[in-house]
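Reading through the structure tokens given below for one structure.
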Protein chains: 2
Amino acid sequence: MSILLRIKEQLPQLKTAERKVAEQILKDPAAIIDYVITELAEKCGVSDPTIVRFCQKIGLKGFMELKLNLAGELPKPVQVHRSVNEDDSPARIMDAIFDGHQGALQSLKNQVDTEMFEKAVDWLCNAKRIEFYGFGACGCVATDAQYRFCRLGVACNAFLDVHQQFWSASLLDSNSVVIALSTNGATKNIIETSRLASKAGARVIGIIGRNKSPLHPLCDMAFSLPCQEPAPAIMRFSTRIVQLALLDALFVTTLLRNSQIKENLERVRESLSDIFFEN
Amino acid sequence: MSILLRIKEQLPQLKTAERKVAEQILKDPAAIIDYVITELAEKCGVSDPTIVRFCQKIGLKGFMELKLNLAGELPKPVQVHRSVNEDDSPARIMDAIFDGHQGALQSLKNQVDTEMFEKAVDWLCNAKRIEFYGFGACGCVATDAQYRFCRLGVACNAFLDVHQQFWSASLLDSNSVVIALSTNGATKNIIETSRLASKAGARVIGIIGRNKSPLHPLCDMAFSLPCQEPAPAIMRFSTRIVQLALLDALFVTTLLRNSQIKENLERVRESLSDIFFEN
DNA sequence: AATTTCATGAAGTAAATTTACGTAAATTGT
DNA sequence: ACAATTTACGTAAATTTACTTCATGAAATT
């Protein structure tokens with residue numbers, strides 16, 4: 001279990017001096033890494049041995065182990081999108097891209113509105129039909145999402161064709177949920193489709209790579225994703241990663257909420273077994 | 001920038017004794033955290049001060065800072081994949097999913113073979129044609145990749161249909177690169193397609209969510225992705241994230257390698273402007 | 001009220017890291 | 001080719017840092 005969690009749990013059982021240490025650590029865990037034991041002791045108003053005893057009480061060998069453990073489990077400061085240019089080594093470019101994705105996920109973690117998320121899960125659980133709309137790169141995400149969600153046993157569609165989207169959206173009703181995916185919330189077609197779906201009575205959930213956009217007011221609920229990338233559209237990779245992550249979370253939560261759904265999943269899994277060589 | 005990457009980059013400029021240190025660290029970064037400086041010195045066959053000088057050369061204050069940094073950037077064995085169950089709150093599930101993705105990216109960062117990556121970029125730069133094959137969830141990744149790469153101005157296809165894949169693969173030649181995507185490297189169809197492509201003379205790059213699989217020996221080059229998820233197929237979300245990240249990196253590096261390609265991209269961008277409301 | 005227990009810090013110890021310095025090897029210039 | 005200079009690296013000393021022992025005083029118990 002994580003050190004910070006362990007500290008939190010042990011907190012009530014600690015003596016006054018040791019509790020001061022615990023509170024100081026919980027207040028700013030990242031700072032500890034730069035302290036030497038004496039500095040921390042001073043900050044807490046206790047002595048060195050108290051720090052050591054505290055560390056041992058939470059199951060560590062000593063202060064050094066605390067520092068190393070904290071370094072290991074603390075979220076790294078959110079990486080602002082690092083730009084790359086042609087002089088960079090492949091390894092460097094790779095690193096920059098991966099960092100960008102990680103940073104985007106970290107931002108997502110901090111930004112997602114939990115209540116909104118829960119409401120979205122509610123809608124999805126009760127939906128008789130789920131449609132995923134997106135164009136371009138978001139179309140891929142839509143397809144991927146449909147690929148997951150259709151296993152819930154609910155009717156799912158991911159139409160990438162405008163015409164199909166139009167007639168499908170206009171046939172929806174109040175038991176339908178639409179997931180509208182858009183990087184910038186300004187693509188004409190997705191806006192039109194969302195408007196149609198909304199007019200037909202469906203609940204429209206926007207997953208949009210921006211804070212404000214023409215698409216926002218058309219949605220019944222809109223997740224605005226972190227968008228630190230000031231890059232041209234084709235280079236905005238992280239948005240898609242974040243969209244997928246959010247959809248994953250929605251999917252799993254919806255899945256766990258409903259045991260009937262889990263049975264469906266089991267049946268699907270069995271039917272897949274014969275397309276593999278092994279297993 | 002990450003310490004390990006910095007070490008890799010500085011490697012050629014290091015003197016013999018210091019290089020020994022660098023190599024030892026790269027061989028097993030996780031082990032360093034438990035060493036004291038003298039232990040590491042012995043393992044490398046050098047003296048303590050050499051270690052310190054090495055640390056300073058890569059921009060750190062000393063050995064302690066190296067340990068703390070390594071602890072910070074190495075994938076935590078515990079955190080990589082937290083299991084979830086129906087009792088968990090939505091916020092917790094969300095967190096677990098995002099953590100899983102982040103952890104997977106971290107592992108990827110540490111595991112990707114840089115030389116292989118560069119060779120892959122070489123192949124892609126010189127390819128006259130690139131084909132992406134995948135089924136199921138990997139089909140979505142294939143489509144996404146095709147969507148990016150086709151903007152390089154190179155002929156790209158992502159056939160999800162088995163028949164199309166078969167005839168397309170058999171029409172390839174030595175100027176073609178095939179990217180074979182598979183979560184477990186055991187799907188019969190993808191194996192057959194890769195075999196056909198290889199026989200036709202194309203270079204097959206596997207991006208596989210496993211270390212060993214029936215698909216591996218059929219590839220001219222295979223990226224084995226970190227696969228910490230002991231979950232059923234439908235729940236293996238991270239593999240897809242990691243595949244996308246790797247493809248992103250391949251795409252950007254290929255793009256930056258070739259200025260002609262960048263011009264193509266500029267032209268594509270302009271042609272997209274009129275499908276948006278704004279901008 | 002006396003005794004015990006326990007929490008805590010002062011002082012000291014041990015260990016690990018870093019600096020200073022010297023030597024040998026490599027590089028450079030003549 | 002040989003001397004001069006620079007560089008590479010290890011020995012040993014110094015310093016920093018972490019940890020231990022033990023004494024003290026407070027709280028709890030008898």
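Quick caveat: nothing in here was measured; it's all calculated off a predicted structure. In the text below, chain A, chain B and the rest are named by the order of the sequence lines, each starting its count at 1.
Atom CZ in R53(B) sits roughly 16 Å away from atom P in dT17(C) (whole-Å rounding). In this structure, E39(B) atom CD and dT17(C) atom C1' are separated by 14 Å, rounded to whole Å. Rounded to whole Å, the distance from CD on E42(A) to C1' on dA10(C) is 15 Å. If you take CG of L60(B) and P of dT18(C), they are 10 Å apart, rounded to a whole angstrom. For the pair L40(B) CG and dA16(C) C1', the interatomic distance rounds to 13 Å; values are reported in whole Å. The distance from atom CD1 of I51(A) to atom P of dA7(C) is 17 Å, rounded to the nearest whole Å. As a whole-Å value, the separation of D34(A) CG from dT17(D) C1' is 15 Å. Regarding I37(A), its CD1 atom lies at a distance of 18 Å from the P atom of dG12(C), rounded to whole Å.
Considering only the side chain of F63(B), dT18(C) comes nearest among dG10(D), dT18(C), dT8(C). For V52(A), counting side-chain heavy atoms from C-beta on, the closest listed nucleotide (dT17(D), dC19(D), dA7(C)) is dC19(D). Among dA18(D), dT19(C), dA11(C), the nucleotide with an atom closest to any side-chain atom of P49(A) is dA11(C).
The phosphate of dT19(C) has OP1 or OP2 within less than 4.0 Å of a side-chain N or O from Q56(B). Side-chain nitrogen and oxygen atoms of T16(B) include at least one within less than 4.0 Å of the OP1 or OP2 phosphate oxygen of dC9(D). Taking only side-chain nitrogens and oxygens, T50(B) comes nearer than 4.0 Å to OP1 or OP2 of dG10(D).
Below 30°, between 30° and 60°, or above 60°: for F132(B) and F149(B) the angle between ring planes is between 30° and 60°, a tilted geometry.
Between the side chains of E73(B) and Q106(B), no donor-acceptor pair of N or O atoms lies under 3.5 Å. Inspection of the E18(A) and T50(A) side chains reveals no N or O donor paired with an N or O acceptor under 3.5 Å. Side-chain N/O atoms of Q13(A) and K57(A) include no donor and acceptor closer than 3.5 Å. Between the side chains of H101(A) and D248(B), at least one donor N or O sits under 3.5 Å from an acceptor N or O.
Nearest-nucleotide positions on DNA chain C for D48(A) and K57(A) put K57(A) closer to the 5' end.
No engagement by E65(A) is indicated, since no non-hydrogen atom pair under 4.0 Å with the nucleic acid exists.
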